[in-house]
Amino acid sequence: MKIICTHCHTGYQVDVSEVKPEGIEFKCAKCNQFFLITPKDIDRDNTGVLKNMNTEQPRYSEDNNLNTLLSSVVGDLKDYGDRLNNQLSKLSDIGIALSGVTDLTLLLEMIVDQAREFTNADAGTLYLKEENKLAFKIVQNKSLGIRMGGTSGKEISFPPVELKESNVSAYVAIKGESVNIPDVYQTELFDFTGPKNFDKSSGYRSKSMLVVPMRNHENDVIGVLQLLNAQNIKTNEVIAFSKDYENLTESLASQAAVAVTNAQLIKEMDNLFDSFVQVMATAIDEKSPVTGGHIRRVANMTLTFADILTKNQDKYKDISFNEDQIHELRIAAWMHDIGKVTTPVEVVEKAKKLQTIFDRIEFVDLRLCFIIEQMEKSFLNEKIKILQNGSDAKKVSILEEKQKIKRQELMNIREFINQCNNPGEFLEDEKIARLEEISKMTWTDFDGKEQTFLNNDEVLNLSIRRGSITESERKKMQNHAAVTLKMLKKIPFTKKLKNIPLYAGAHHEFVNGGGYPLGLKGDEIPFEGKIMCVTDIAEALTASDRPYKKAMPLEVVYRILREMADKGELDKELVEFFISEEVFSKYKELHESNGS
């Protein structure tokens, strides 16, 4: 490519690749003047000769010497204007880029990277105000190969900077004024003991420094951006930061502060919502510790399952959960049982069949004890009559035998009812029939009224074949899924969390359509819902804190999961993956190290 000096019109051949996007300054060997070349100046339709170059020198005066001088001045002004316009354009591009980043860690690193590139600074540090101190967030030094904080993975061990005006960064944070120092060794304005000690230990030479405040939209200083050792773009010689760079860096710092504030607000909103979720889980936990433990365990198991699925490169190689999707799934898992706030606690924690707010077996047992005492009193009165009418040892012996038999019969009934009150895997028909017979037996109460041994509700509860809840109580329990869906649909979730009601509300849906609350089937159930269905059941079967059952061994849990998959209730491939990849064991290792 041919270029021509704007001052004396001397021509040069230059490789096009040498022209950077921001332009490059050339120094004319003949007149020793600099002139700026940018990509837009290149005429690619012709021969590579600059578009803005005329082979004839513009005439400003009839005097050739004066004309050359004026041409030089005009050229310098044009070069300066082009350079400034290029910097402003780049500043605008940086602002747009910053506004699109919401990850605070990435954003802070990006601010320092862009500021250093923008000013051609060798090093940079970014502080944020925290607890009335300046906390190091990003530390970079190109010459020394230092990158700390941000996405580097290297933790910054430096202690926070106290807000004392003797420190230049603290001064800028306090006063809200920029400080531009050509050479930190040639000033007594601030205490630079720290940088000088660093120079001694590293062999570095700190020289020019530009420190600017980061002001947000409310004009509050939220941090400080410190740039070190501006370099000449051609010679890499350390130079002072120009006034132009100072002004433009202040503008960049303000844009950065607004972007940081936005990112912090977004993070705070996320934390606020997470806290809301935790509060709701705590409310359920306080209502029922059993359910609270269940929510936590299902959430952790679900996330473990999702992580293993993401890493799998075989069966589920097309399944991958990114950070936002994991966050959405985590919230859904934590809120999947939120509807249980409306479920009566006596149903949730029903450990015995007769239990409501308390275990009514005590009433039934007290009633049977009263019946036994009543029976013995009756026999005793009859014995007294026999003895009053003359001692008949044979009659007394027969009476005592009848009393013994009757007492044993009632004691057997008492023991049988207590056994039936305990939930089991299955209650046989013969036992239900015997309960019906017992319910028809009568006794006379204190007021002389005839009462049955068991009332209808007691018979209904004692006759529960499996578990501890009746069909009506089961419907109350199942209603929590519908309530969860209803409650979550009332929340105006953000775009990234819009699927939470769908995922949380589907954790009791079966693949064959036999689940609840909507009776979804097959692909109507979201994949995340199918995952939670498996983890929800696995947790329920392995839980050791249920008042109505013992924790099942893992081999039994796997057998039950496979049986449910064979019946079309659970996703068969997910169940087999859950078992083969030992998801439960890995979850226990990660989240339940205490064995709970």
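Keep in mind it's a predicted model, so treat the numbers as computed, not measured.
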Residues forming a salt bridge (charged side-chain N to carboxylate O under 4.0 Å, His left out) with Asp566, sequence neighbours excluded: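 For Asp566, the residues satisfying salt bridge (charged side-chain N to carboxylate O under 4.0 Å, His left out) (neighbours in sequence not counted) are Lys572.
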Tell me, yes or no, whether the heavy-atom count around [X] atom [atom1], taken from other residues, nucleotides or ligands under 6.0 Å, exceeds 12.
X	atom1	value
Lys486	NZ	no
Glu323	CD	no
Glu155	CD	no
Asn132	CG	no
Asp523	CG	no
Lys196	NZ	yes

Considering all heavy atoms, the nearest [X]-[Y] contact:
X	Y	result
Lys353	Cys420	CD-O, 2.9 Å
Ala504	Thr484	CB-CG2, 4.3 Å
Ala506	Ile525	CB-CG2, 4.3 Å
Pro501	Leu485	O-CD1, 3.2 Å
Arg360	Leu354	NE-O, 2.8 Å
Leu497	Glu328	C-OE2, 3.3 Å

Look only at the side chain of [X] and the backbone of [Y], and say whether a donor-acceptor pair between them is shorter than 3.5 Å.
X	Y	value
Asn216	Ala257	no
Glu509	Leu518	yes
Asp571	Lys530	no
Asn141	Ala123	no
Glu117	Gln114	no
Asn461	Asp457	yes

Val557/Arg562 under side-chain contact (heavy atoms from CB on, under 4.5 Å): CA gap, chis, key distance, verdict: CA-CA 9 Å; Val557 174; Arg562 282 184 167 129; over 6 Å; no
I want to check something: taking the side chain as every heavy atom from C-beta on, are [X] and [Y] in contact at a cut-off of under 4.5 Å?
X	Y	result
Ile308	Phe577	yes
Met564	Phe510	yes
Thr105	Glu109	no
Glu528	Thr302	no
Leu227	Met209	no
Val224	Val211	yes
Leu574	Cys533	no
Lys586	Glu581	yes

Audit row: Tyr558, Phe584, ring-ring contact (aromatic ring centres under 6.0 Å, His included) steps and yes/no: CA-CA 10 Å; Tyr558 289 165; Phe584 182 82; 7.9 Å; no
Checking side-chain polar atoms at under 3.5 Å, does [X] have a donor or acceptor matched by the opposite partner on [Y]?
X	Y	result
Tyr204	Asn229	yes
Asn312	Lys317	no
Arg116	Gln140	yes

Those residues that, when tested against Ile432, pass side-chain contact (heavy atoms from CB on, under 4.5 Å) (two or more places apart):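 Once residues adjacent in sequence are excluded, the partners of Ile432 under the side-chain contact (heavy atoms from CB on, under 4.5 Å) criterion are Leu427, Ser463, Arg465.
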What's the separation between atom [atom1] in [X] and atom [atom2] in [Y], rounded to the nearest 0.5 Å?
X	Y	atom1	atom2	answer
Ile266	Leu104	CD1	CG	10.0 Å
Glu592	Arg296	CD	CZ	4.5 Å
Met214	Leu252	CE	CG	8.5 Å
Glu539	Asn300	CD	CG	10.5 Å
Leu570	Ile531	CG	CD1	12.5 Å

Salt bridge (Lys or Arg N to Asp or Glu O under 4.0 Å) between Lys476 and Glu473, intermediate numbers included: CA-CA 5 Å; Lys476 288 180 182 179; Glu473 290 169 335; over 6 Å; no
Worked check of side-chain contact (heavy atoms from CB on, under 4.5 Å) between Tyr316 and Lys311: CA-CA 9 Å; Tyr316 291 100; Lys311 293 176 181 176; over 6 Å; no
Can the ring centres of [X] and [Y] be said to be less than 6.0 Å apart?
X	Y	result
His336	His480	no
Phe136	Tyr127	yes
Phe305	Tyr587	no

Verdict with supporting geometry, Asp191 and Ser166, side-chain hydrogen bond (donor to acceptor under 3.5 Å, both in side chains): CA-CA 6 Å; Asp191 180 7; Ser166 58; 5.4 Å; no
Check this for me, if you would: do [X] and [Y] make a salt bridge, where the nitrogen-to-carboxylate-oxygen distance has to be below 4.0 angstrom?
X	Y	result
Asp113	Arg147	yes
Glu555	Arg559	no
Glu576	Lys315	no
Asp324	Lys496	yes

Test side-chain hydrogen bond (donor to acceptor under 3.5 Å, both in side chains) applied to His294 and Asp536, step by step: CA-CA 8 Å; His294 168 76; Asp536 186 74; 2.8 Å; yes
Step-by-step side-chain contact (heavy atoms from CB on, under 4.5 Å) determination, Met477 to Ile469: CA-CA 9 Å; Met477 283 285 289; Ile469 58 176; 4.2 Å; yes
Leu541 vs Ile560, side-chain contact (heavy atoms from CB on, under 4.5 Å): CA-CA, chis, key distance, verdict: CA-CA 9 Å; Leu541 296 175; Ile560 293 173; 3.8 Å; yes
Working for side-chain hydrogen bond (donor to acceptor under 3.5 Å, both in side chains), residues Lys567 and Asn512: CA-CA 8 Å; Lys567 290 190 291 185; Asn512 60 11; over 6 Å; no
Option passing side chain to side chain contact (heavy atoms under 4.5 Å, CB included) with Lys340 (candidates Ile338, Thr342, Asp337):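 Of the listed residues Ile338, Thr342, Asp337, the side chain to side chain contact (heavy atoms under 4.5 Å, CB included) partner of Lys340 is Asp337.
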